[in-house]
Amino acid sequence: MANPIYKVIFHNQNQVFELYARAIYQSEMYGFIEVEEFVFGEKAQLVVDPSEEKLKNEFASVKRSYIPMHAIVRIDEVEKEGAGKIVDIKGDKVAKFPFPAPMRQPGGDSE
């Protein structure tokens with residue numbers, strides 16, 4: 001395959017993003033994946049997908065995106081691009097990355 005296309009699926013806040021790009025690689029910034037050369041669906045389509053339009057607007061002026069590795073769900077090399085989308089997460093079906101509990105301040109509540 002001369003010019004591969006990658007489907008990248010990742011979490012961002014309470015949404016799952018699915019987008020297509022021609023270049024992905026490990027960033028020099030530790031813990032990040034760089035995504036470049038975003039690919040969006042055909043502009044000649046008669047039916048407009050609002051989810052894909054939202055994605056296009058989100059990445060309209062983005063040259064390169066740095067995505068934290070722990071946010072990546074999956075990266076696939078595909079034959080051709082599909083329709084990118086942003087999906088809201090409903091319910092608790094996706095586990096959130098655990099964060100440490102906030103530290104207690106000295107002199108606070110005594111036990």
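Given the structure is predicted, the values throughout are model-derived calculations rather than measurements.
Proximity of R22 to V39: side-chain heavy atoms (C-beta onward) are separated by under 4.5 Å at one or more points. At a threshold of 4.5 Å between non-hydrogen side-chain atoms, the residues V62 and R64 do not count as touching. Side-chain contact between Y6 and I24 is present, with heavy atoms from C-beta onward closer than 4.5 Å. Considering only heavy atoms from C-beta on, I9 comes within 4.5 Å of V16 through its side chain. Residues I72 and I67 are in side-chain contact: their nearest non-hydrogen atoms beyond the backbone lie under 4.5 Å apart. Q26 places a side-chain heavy atom less than 4.5 Å from the side chain of M69.
Annotation: Y25, atom OH; neighbour count of heavy atoms from other residues, nucleotides and ligands within 6.0 Å is above 12.
Counting all heavy atoms, side chain and backbone alike, E34 lies closest to E28 at OE2-N, 3.9 Å.
Atom-to-atom distance recorded for K7:NZ and D76:CG is 5.5 Å, nearest 0.5 angstrom. Taking OG of S65 as the start and CZ of F32 as the end, the distance is 10.0 Å to the nearest 0.5 Å.
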Evaluate the side chain to side chain contact (heavy atoms under 4.5 Å, CB included) criterion for residues V78 and Y20: first the C-alpha distance (whole Å), next the side-chain angles of each, then the deciding distance (0.1 Å), finally the verdict.
-> CA-CA 9 Å; V78 296; Y20 293 83; 4.0 Å; yes
For the pair L19 and F38, evaluate side chain to side chain contact (heavy atoms under 4.5 Å, CB included) and give the outcome as yes or no after the intermediate values.
-> CA-CA 8 Å; L19 55 81; F38 299 103; 3.9 Å; yes
Any chance you could lay out the side chain to side chain contact (heavy atoms under 4.5 Å, CB included) test for I5 and E77, step after step, and finish with the verdict?
-> CA-CA 6 Å; I5 296 176; E77 185 174 339; over 6 Å; no
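The hydrophobic clustering, which links ILVMFWY residues whose side-chain heavy atoms are closer than 4.5 Å, places I75 and F17 together.
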